[in-house]
> 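Before anything else, here's the structure in question.
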Amino acid sequence: MNIDWNAFTPWSALIGGLLVGTAAALMVLLNGRIAGISGIVGGLLRPLRGDIGWRVAFVAGLLAAPALYGLARTVPPPRIDAGWAGLVIAGLLVGIGARYGAGCTSGHGVCGLSRLSPRSLVATIVFMAAGFATVFVIRHLVTA
């Protein structure tokens with residue numbers, strides 16, 4: 001394994017983490033809502049009256065922020081070491097896992113852990129363990 005020290009960016013990661021944490025805290029404090037992406041998007045698929053505007057604004061912000069960043073800075077092209085079939089299968093598995101786990105990594109890992117939720121701690125540990133196991137299997141057992 002080689003570490004690309006030129007890509008090591010602790011300051012931008014710290015700033016990004018602070019922004020995510022601040023946004024999640026403000027969402028709970030000002031709206032009483034958890035900033036879990038699967039729950040927010042899921043609420044758009046089964047909308048309730050008066051509950052659509054803030055969800056659309058949240059998703060629009062998620063899409064607009066990287067686009068605006070791309071206008072200010074040069075963004076390197078993404079490199080994805082998987083084919084379309086692998087990406088579709090991975091996306092479906094993540095969606096199923098978020099549904100069975102009653103939330104996604106952002107809801108449990110960021111918001112749930114900050115609220116000291118034992119259920120979110122277990123969910124986050126399971127998410128991470130599944131990710132580690134998947135990478136190990138794909139890189140060491142499937143790929144020769």
> Please examine the side chains of Thr105 and Thr124, heavy atoms only from C-beta on, and report whether any two atoms are closer than 4.5 Å.
no
> How far does CG of Leu45 sit from CD1 of Ile40, to the nearest 0.5 angstrom?
12.5 Å
> Keeping the roles fixed (side chain from Ser117, backbone from Ser120), state whether a donor-acceptor pair exists under 3.5 Å.
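Yes.
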> Check for me, please, whether Trp54 and Val56 land in the same ILVMFWY cluster - side-chain distances under 4.5 Å, paths through other members count.
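The answer is yes; both residues are in one hydrophobic cluster.
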> Mind checking the OG1-OH spacing from Thr74 to Tyr69? Nearest 0.5 Å is all I need.
9.0 Å
> For Leu62 and Ile37: C-alpha separation, side-chain torsions, deciding distance, then whether side-chain contact (heavy atoms from CB on, under 4.5 Å) applies.
CA-CA 10 Å; Leu62 287 177; Ile37 306 307; 3.6 Å; yes
> Does a side-chain N-to-carboxylate-O contact under 4.0 Å join Asp81 and Arg139?
no
> Going hydrophobic residue to hydrophobic residue with side-chain gaps under 4.5 angstrom, can you get from Val20 over to Trp11?
no
> Considering non-hydrogen atoms only, spot the tightest contact between Gly36 and Ser106 and give its length.
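Closest heavy-atom pair between Gly36 and Ser106: CA-OG, 3.7 Å.
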> If you compare all heavy atoms of Leu44 against all heavy atoms of Pro47, which two are closest, and at what distance to 0.1 Å?
O-CD, 3.5 Å
> Keeping the roles fixed (side chain from His108, backbone from Phe127), state whether a donor-acceptor pair exists under 3.5 Å.
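No; zero donor-acceptor contacts below 3.5 Å.
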> Hey, could you give me the CD1/OG distance between Ile34 and Ser114, rounded to the nearest 0.5 Å?
7.0 Å
> What heavy-atom pair brings Cys111 and Ala35 nearest, and what distance separates the two atoms?
SG-N, 3.6 Å
> Membership question, hydrophobic clusters at under 4.5 Å side-chain separation (ILVMFWY): are Val75 and Leu68 in the same one?
no
> Let's go through Asp51 and Arg33 carefully: what are the C-alpha distance in whole Å and the side-chain angles of both, what is the deciding distance for side-chain contact (heavy atoms from CB on, under 4.5 Å) to 0.1 Å, and is it a yes or a no?
CA-CA 11 Å; Asp51 195 42; Arg33 305 280 186 166; 3.1 Å; yes
> Checking the side chain of Arg55 only, and the main-chain atoms of Gly39 only, is there a donor and an acceptor separated by less than 3.5 Å?
yes
> Can Ile138 be reached from Phe132 by stepping across I, L, V, M, F, W or Y side chains whose heavy atoms are under 4.5 Å apart?
no
> In terms of hydrophobic clusters joined by side-chain contacts under 4.5 Å, are Ile52 and Val41 together?
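They do share one cluster, since a chain of ILVMFWY contacts under 4.5 Å joins Ile52 to Val41.
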> Looking at Ala102 and Arg119, what are the two nearest heavy atoms and their distance?
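Heavy atoms only, the tightest pair is CB-NH1, 3.4 Å.
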> Between Gly61 and Pro66, what is the shortest heavy-atom contact and its length?
O-CD, 4.5 Å
> On the 0 to 90° scale, with breaks at 30° and 60°, tag the Phe8-Trp5 ring pair as parallel, tilted or perpendicular.
perpendicular
